[in-house]
Structure formats: structure tokens, C-alpha cells
A.B. asks: 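Can you read through this structure? Questions will come right after.
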Number of protein chains: 2
Amino acid sequence: MVVELVSVGTELLLGNIVNTNTQYLAEQCASLGLSMYHQVVVGDNWERLAEVVQTALRRSDVVILTGGLGPTEDDLTKEVCAEVMEMPLREDSHTRKRIEDYLKNGIFKKIPDNNWKQAQVPEGAIVLDNLNGTAPGLILEKEGKTVVLLPGPPSELIPLFQEQVSPYLKKKQPEVLRSQMIKICGVGESQVEAEILDLIDGQTNPTIATYAKTGEVHLRVTARAKSEEEAKRMVKPVVKEIKSRFRDSVYSAREEETLEMAVVKLLQKYELTVTTAESCTGGLLAGRLVNVPGASEVFREGFITYANKAKRKYLDVSKSTLKKYGAVSPETAREMAIGGVFAADCDVCVAVTGIAGPEGGTEEKPVGLVYIATYMKEKVTVKKYQFKGNREKVREMAVVRALDLLRRSILENYR
Amino acid sequence: MVVELVSVGTELLLGNIVNTNTQYLAEQCASLGLSMYHQVVVGDNWERLAEVVQTALRRSDVVILTGGLGPTEDDLTKEVCAEVMEMPLREDSHTRKRIEDYLKNGIFKKIPDNNWKQAQVPEGAIVLDNLNGTAPGLILEKEGKTVVLLPGPPSELIPLFQEQVSPYLKKKQPEVLRSQMIKICGVGESQVEAEILDLIDGQTNPTIATYAKTGEVHLRVTARAKSEEEAKRMVKPVVKEIKSRFRDSVYSAREEETLEMAVVKLLQKYELTVTTAESCTGGLLAGRLVNVPGASEVFREGFITYANKAKRKYLDVSKSTLKKYGAVSPETAREMAIGGVFAADCDVCVAVTGIAGPEGGTEEKPVGLVYIATYMKEKVTVKKYQFKGNREKVREMAVVRALDLLRRSILENYR
């Protein structure tokens with residue numbers, strides 16, 4: 001069964017808002033095992049909207065439209081769909097009563113006349129009561145095709161979808177879809193792809209999808225089957241094979257687990273406390289660690305030592321090291337990591353020093369040069385990186401690689 | 001001139017990510033005075049993508065495609081467009097060299113063969129060098145129609161659009177469009193709209209567009225005219241009127257100036273050095289300040305004092321204050337700000353302490369409660385905030401408001 005999403009609204013075409021409804025509905029449909037090949041955004045214009053709906057009905061089984069169900073003259077999603085589906089509008093007394101009840105206790109002394117437009121329903125449509133607004137959801141069925149209409153505000157759309165549309169779609173769907181995520185850090189996208197080319201080639205079921213994130217690659221293995229168990233059984237060997245190829249580069253196999261979550265989990269597992277010593281990343285590394293709920297168990301304090309003087313004062317980096325090798329050097333990174341552990345009295349420190357640009361680069365030490373060091377169990381690891389891109393990108397990549405080096409160092413020293 | 005956006009990527013159809021690229025491009029196109037009637041998302045599938053591009057070319061003058069330019073076999077945006085536009089692919093030696101240089105100093109010992117796919121360019125296309133990735137941007141022109149191809153990662157797409165595509169589109173546009181941005185912080189979106197309702201009502205030329213950002217509202221005043229001078233003349237009085245209504249809440253009138261840039265500029269202007277004392281934001285505040293090139297002039301070190309012990313050790317917050325009022329209190333925020341100035345030996349400190357959640361909230365101190373304090377010229381300012389949303393959102397809002405309070409405090413004390 002193929003679903004297509006149509007978002008109606010000029011505010012989307014003007015870029016005033018981000019289309020989060022489409023992301024929500026797409027994710028929900030994917031989890032129901034529905035296929036989706038198109039998402040379309042169109043404005044409140046009769047001809048264009050009618051054409052988009054007709055095209056969608058030609059190539060998809062279910063068309064979900066969001067937005068344009070309001071009480072104003074601009075709103076014409078329902079009117080257009082009623083015409084396309086040849087299901088003329090008539091007033092629905094149940095919906096009129098519900099709107100009356102909904103608005104009675106609201107801000108209006110007298111309900112504005114244009115609200116009654118929302119009580120008009122295409123003949124034969126299934127009406128979905130909206131508990132969070134006036135516009136009802138609607139399901140229009142004809143000749144094996146289904147049109148679902150939902151109001152645009154997420155606070156109305158989400159409950160309507162979850163409570164009424166999702167169960168409706170589930171009943172229509174014979175197949176089950178099951179997918180498993182594999183998250184990889186420290187290997188480039190093309191290299192990941194090259195290493196599993198034999199698995200991707202000629203894949204049909206399960207499929208492997210590749211997603212490039214900043215400094216990470218995510219793989220999703222997805223199987224379709226008649227039952228949940230069968231789909232799981234199909235996914236399992238593929239996941240196992242991929243994991244065996246990337247080993248320690250795989251930091252998680254859970255959809256919702258971020259790199260910083262994996263790091264915090266590892267710290268918790270080995271009962272370690274961590275500190276951060278940051279120069280060019282200036283707090284972003286600690287900021288990401290702290291984004292994990294419960295980070296306080298493993299993280300108590302961090303150092304932002306942007307100036308050389310601060311590196312000496314808090315991390316006890318020696319004056320001669322800074323003078324001889326400079327702030328951006330393996331020697332300084334090393335002393336920052338060691339100094340961090342002692343200053344914060346904790347088990348582990350990760351230190352970052354680099355040239356984020358746009359100024360400050362030289363031929364010998366170009367913009368993007370970053371040294372990352374970890375110190376734990378009296379052992380230092382220092383790595384050199386050369387990142388590309390603007391200041392923001394260099395700093396972002398440095399944070400990802402620092403988290404990854406921390407993760408790998410813990411595995412090496414404590415596993 | 002009508003523009004259509006086509007986003008290519010299965011991850012969008014599966015709802016793995018929100019389509020922020022489309023919002024960005026739609027906003028940019030609107031600001032260039034271009035009309036937009038359709039936005040489409042389609043997967044990495046040859047037939048469907050070809051059909052979408054053909055449809056888009058029929059009804060629009062410029063089609064901007066994003067995504068699907070990676071090195072993997074899935075990626076076929078360029079290949080499909082080359083076929084549809086009948087501009088066969090050939091290797092571009094300049095691009096090959098650029099990719100080589102880009103990857104040379106990276107993580108690869110040997111550049112994977114599939115990367116050379118990205119050096120293939122449709123014959124006659126304009127190549128846009130991508131400084132933040134391997135895939136070049138491309139402009140394909142034929143018979144009055146234009147196809148623009150941009151890589152999907154925002155860190156690559158945004159610079160390419162701003163620096164190369166935007167000037168290109170501007171030249172194609174017969175009318176001159178002149179817009180001026182007004183960036184407001186510390187006033188809610190509905191309040192901003194209420195205060196300029198009389199200006200928005202019945203506007204035609206210039207127009208005022210409202211964009212809600214995290215903790216900020218941006219207003220764009222845009223005029224269309226025959227000449228640059230005329231358009232400027234039309235924009236000016238409207239901008240002046242809006243500025244007079246929001247006064248110090250306006251932090252910038254420049255498109256590219258972020259809140260942290262405005263803060264750093266202010267610090268530079270009054271020759272002040274700043275430090276940060278962060279609890280719940282855990283480094284994010286300093287991280288944003290340091291994102292401004294040249295931040296080292298005003299920022300040398302920052303404190304991440306997540307645990308109470310760290311607040312005492314580095315910021316000299318008194319044991320009794322922490323015991324009597326707790327870590328999330330105006331008293332602690334105040335002492336953190338004062339302690340920061342003395343510990344870092346600088347002019348100004350901004351301190352943040354709060355409950356980001358999801359755990360740790362009580363009836364008296366719910367999740368989202370944040371105190372922000374500034375200290376300068378021996379004067380403390382403390383503000384209480386109650387933010388809505390999840391942990392990430394609370395922390396993000398706290399950072400924006402901390403930057404804003406710092407900005408307002410400097411204006412108050414030094415202007």
C-alpha cells in the first residue's frame with residue numbers, strides 16, 4: 001500500500017515554518033509498513049491543489065492531506081477534495097454540535113459564522129472528531145482509493161492521527177515492516193558503502209539504507225514480512241554481518257541512541273567520571289555530553305581554556321610546552337588531558353585543541369588542524385585530525401571525533 | 001519567475017529527518033522575490049525522480065534539487081537530471097582535483113574509487129565549488145529552464161546557496177527586490193505580531209514577513225521596485241518605525257548577524273572581556289560565543305560547573321547558599337556570576353543555572369525553571385525564566401536568553 005503526503009499552506013512555500021507534520025506522518029507511516037514515494041507541498045490555490053490531489057490519487061493508494069481546513073475563505077482543502085472525489089459537501093449535524101460545544105467555553109461570545117463552514121462534510125465521509133480544535137479529520141473512500149484530511153496544527157493533527165487514522169491504516173495493511181539501525185562513527189560514508197557493497201548489491205528484502213550524518217554514518221536494515229517474528233528473523237543475520245565488519249566503529253544499534261548517549265552509557269558501565277578540556281570547541285563538547293539526561297552521574301565539571309593563560313592556570317600546561325610547540329600541538333593536547341584529570345579529580349579526560357578558522361592558520365598548521373587527546377589509567381592517546389569546512393563545521397567535527405576517541409579509549413582501556 | 005524545490009532522499013520519505021533544507025531555500029527564494037507553488041520530496045528512484053523533474057520543469061522556470069549527490073550507488077540526482085536535460089556526464093578535471101585536495105588530508109589512506117563519481121559533471125553545466133564537501137553544486141541551463149543541484153547536508157548547501165546560487169538567481173530577476181532584516185530577541189512571536197498589526201494589515205509593497213526562531217523573532221521588510229534606490233527608499237521608513245517600537249529588543253538589522261555576533265561586537269566596542277559560568281547549559285553558551293570568529297579578543301576562559309562542588313571550587317559559591325536556596329536559585333545564579341568575574345579576572349560574567357529535565361523537577365522548582373545572572377561594574381542582574389519543552393529545548397532557550405541578558409546588561413551599564 002502506497003501513501004502520499006500533501007501539505008497545504010502558503011506559509012510552507014514561503015519558508016515561514018518547517019514542515020514537521022510531514023516528518024511526523026512519514027515516520028508513522030514507515031512504522032506501519034506503508035510505502036511512501038512522494039511528499040508534496042502546495043499552496044491554497046484551487047487549480048494547483050486539485051491537480052496535486054489528482055496526481056497523488058493516480059500514483060498512490062492513500063493520500064493524506066494536512067492543512068487548509070480552517071474557517072477562512074483561503075482554506076479550500078476539503079472543498080477541492082470533495083470535488084475531486086465527487087462527494088458533495090453537506091452539513092453534518094454531529095460536527096456542528098461538536099464545534100458549538102468546543103467554542104462555547106472559548107473566547108467567543110457569539111460563534112463567528114464562518115466556523116459553520118467547518119461543519120460541512122463530503123457525503124459518505126468518515127468523520128474523525130477533533131478534541132483539540134474545530135476542524136474534524138475526514139476519511140474519503142472511493143474506488144479503492146482513500147483520501148485522509150487532517151488539520152495543520154500539530155496539537156490537533158497528532159492526536160487525530162494516533163487515535164483514529166493509525167488504527168484505520170493498520171487494518172488496511174497486510175504486511176509488517178521491521179527495521180534495525182546500526183550507527184557508525186569514525187568511518188567515512190563512501191568507505192562504509194565500499195565495505196558492504198556486496199550486501200547492498202541486489203538487495204531486495206531486507207534492504208540496507210545509508211544515512212550520512214556529521215562525522216557519522218547510519219545504516220538501516222529493513223525487512224518486510226507477514227509477521228513481526230519473520231521480519232525480525234530476516235533482519236538479524238544482516239545486522240550481525242554488518243556489525244562484524246565494522247566492530248568497534250559501531251557505537252549503537254538503537255534508533256534513538258546518540259553518540260553522546262553511547263559515551264555516557266559506557267562511562268556509567270565502568271563507573272567512570274569524565275571531564276573535558278576544550279580550546280577551539282569552547283564548551284560544545286561538554287554541552288553535548290550534558291545533553292544526555294543523567295549526565296551528572298559521570299560529568300561534574302569541564303574546562304573551557306580558550307587562551308593560553310587559561311590552559312596554564314586550570315590545566316597546568318607548562319609554559320615551555322606552549323612556547324616550544326604552540327597551543328595547537330600533540331604536546332599541548334596531551335598536557336591538557338592529563339591536567340584535566342588532576343584538576344577535576346576524575347578518571348578520564350578528553351582534550352581538544354585546534355585551529356577552527358577562518359583566521360589563525362599557517363602553512364605548517366592550517367585551519368582545520370585539531371589535536372584530540374584522552375587520558376585515563378595513566379595512559380595518553382593523542383590523535384591528529386585535519387577537518388575541512390568553515391569554523392562551525394570544523395568545531396562540529398572536532399566534537400564528534402572527541403566523543404568517538406573518548407569512546408574508543410574507554411573500550412581499549414577498560415573492556 | 002517561478003521556482004520549485006525538489007528534495008531527494010529516502011530518509012525524508014521515511015521521516016528520519018525534518019526537511020529543514022526546504023524551509024531554508026523557501027525562505028531564501030521568497031526573500032529574492034521568486035514565486036514558489038510546489039515543493040516535492042521523492043526518493044532515490046530513477047523513474048520517479050525523472051518524472052518529478054520533468055513535471056517540475058513543465059510548470060516552473062527554476063528547479064532546485066537537493067540531496068542524492070553523494071558517492072554511493074543510491075545517489076542518482078545528477079545522473080537523472082543529466083538525462084532529463086540531455087546533458088551527458090563527463091569527468092571535470094577541476095572537480096576531480098578539488099575532491100582529491102579535499103580528501104587528501106582526511107581520514108582516508110586511499111581515496112575510495114566511488115568518490116570519482118562526484119567528479120562527473122553534465123556537459124555545459126556551471127560547476128559550483130563546494131568548500132565543505134566533495135559533491136559540487138551544479139547549474140544546468142537549457143531552453144529557458146534552469147536546474148540547480150545542491151548537496152543535502154546543510155553545512156554544504158547553505159554556503160553554496162548563499163555564495164553562488166543566490167547571486168545567480170538575483171541576476172535572472174528583472175525587478176529589484178530589496179529587503180531588510182530586523183532581529184528581535186526577548187519578545188514572543190504573537191506579541192511582536194500584535195504590536196505591528198497595523199503595519200501588517202493591508203500591506204502590499206513593502207511587505208513584512210515574520211519568522212519565529214528559537215527564542216527570537218525575525219522580521220523581513222521587503223520592497224519591489226524598478227531600481228535598487230527606489231526599493232531602499234520604500235523599505236527605510238517601515239524599518240525605522242518597527243525599530244522605534246521594539247527599541248533594545250532589536251539586536252541586529254543584518255541578515256547574517258547572529259545573536260552571539262551582536263554580543264561579541266558589543267563586548268569589543270566597549271573593550272570588555274567576558275566569562276561564562278554554566279550549570280544546566282553545560283558549555284553550550286560558551287560554545288556559541290566561541291563560534292564567532294575573533295571571539296578570543298573578548299573570551300579567554302569559561303566555567304562548566306555542573307556539580308555543586310564545582311560551583312564552590314571554581315566560582316566560590318558559598319556552601320550555605322547552595323544548602324539554603326539550592327543550586328537552582330537566584331542566590332546561586334548571583335554568586336556564580338560574581339565568582340566568575342573574579343576567578344577569570346575579567347569584566348563581565350553571565351551565569352546560568354536551571355532544571356533542564358526530564359528528571360529533577362519538583363512542584364516548587366519545575367523542569368524548565370532557569371535563573372540567569374550577569375555581573376559587571378559591581379552590579380548583578382538576575383532573571384527568572386520558565387521554559388517549555390524537552391531537555392534540549394530548555395537548554396537551547398536558556399542559551400538564547402543568557403546571550404540576550406548579557407547584551408541588555410552591557411547596554412544598560414556601558415551605553
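Here is how names work: the chains are called A, B, and so on, in the same order as the sequence lines, proteins then strands, and each is numbered from 1. Not measured: the values here are computed from a predicted model.
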A.B. asks: Is it the side chain or the backbone of A/N308 that comes within 4.5 Å of chain B heavy atoms, both, or neither?
C.D. replies: neither
A.B. asks: Check whether B/R395 reaches the backbone of A/G287 with its side chain - one donor and one acceptor, N or O, closer than 3.5 Å.
C.D. replies: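 Between the backbone of A/G287 and the side chain of B/R395 there is a qualifying donor-acceptor contact (under 3.5 Å).
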A.B. asks: Measuring heavy-atom distances to chain A, does B/C280 have an atom under 4.5 Å in its side chain, in its backbone, in both, or in neither?
C.D. replies: backbone
A.B. asks: Given that the side chain runs from C-beta out, which part of B/I17 has a heavy atom under 4.5 Å from chain A: side chain, backbone, both or neither?
C.D. replies: both
A.B. asks: A/E189 side chain to B/G70 main-chain N or O, any donor-acceptor pair under 3.5 Å?
C.D. replies: no
A.B. asks: Counting only heavy atoms closer than 4.5 Å, note whether B/E11 contacts chain A via side chain, backbone, both or neither.
C.D. replies: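 Contact with chain A is through both the backbone and side chain of B/E11.
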A.B. asks: Which one, A/A286, A/G368, A/P293, leads in non-hydrogen pairs under 4.5 Å with chain B?
C.D. replies: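 Option with the top pair count is A/P293.
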A.B. asks: Select one option (side chain, backbone, both, neither) describing which atoms of A/E392 are under 4.5 Å from chain B's heavy atoms.
C.D. replies: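 Its backbone and side chain both get close to chain B.
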A.B. asks: Under a 4.5 Å heavy-atom cut-off, does chain A meet the side chain of B/E297, its backbone, both or neither?
C.D. replies: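 Nothing of B/E297, per the 4.5 Å heavy-atom cut-off to chain A.
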A.B. asks: Could you look at A/K309 and say if it's the side chain, the backbone, both or neither that has a heavy atom under 4.5 Å from chain B?
C.D. replies: neither
A.B. asks: Side chain from CB out, backbone as N, CA, C, O: work out which of these in B/Q28 comes under 4.5 Å of a heavy atom of chain A, or both, or neither.
C.D. replies: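 No part of B/Q28 comes within 4.5 Å of chain A.
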A.B. asks: With chain B as the partner, which of A/T10, A/N390, A/T55, A/L285 has the greatest number of non-hydrogen pairs under 4.5 Å?
C.D. replies: A/N390
A.B. asks: For B/L14, which atoms come within 4.5 Å of any heavy atom of chain A: side chain, backbone, both, or neither?
C.D. replies: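 It is both, since atoms from each part get that close.
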A.B. asks: With chain B as the partner, which of A/G294, A/A343, A/S279 has the greatest number of non-hydrogen pairs under 4.5 Å?
C.D. replies: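 Option with the greatest count: A/A343.
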A.B. asks: Non-hydrogen atoms of chain B under 4.5 Å away: do they reach the side chain of A/N19, the backbone, both or neither?
C.D. replies: backbone
A.B. asks: Less than 4.5 Å to any heavy atom of chain A: does that hold for the side chain of B/V3, its backbone, both, or neither?
C.D. replies: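 For B/V3, no heavy atom lies under 4.5 Å from chain A.
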A.B. asks: Roughly how far, to the nearest 0.5 Å, is OG1 of B/T275 from CD1 of A/I304?
C.D. replies: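 These two atoms lie 7.5 Å from each other.
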A.B. asks: So which part of B/V292 gets closer than 4.5 Å to some heavy atom of chain A, the side chain, the backbone, both or neither?
C.D. replies: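 Backbone only.
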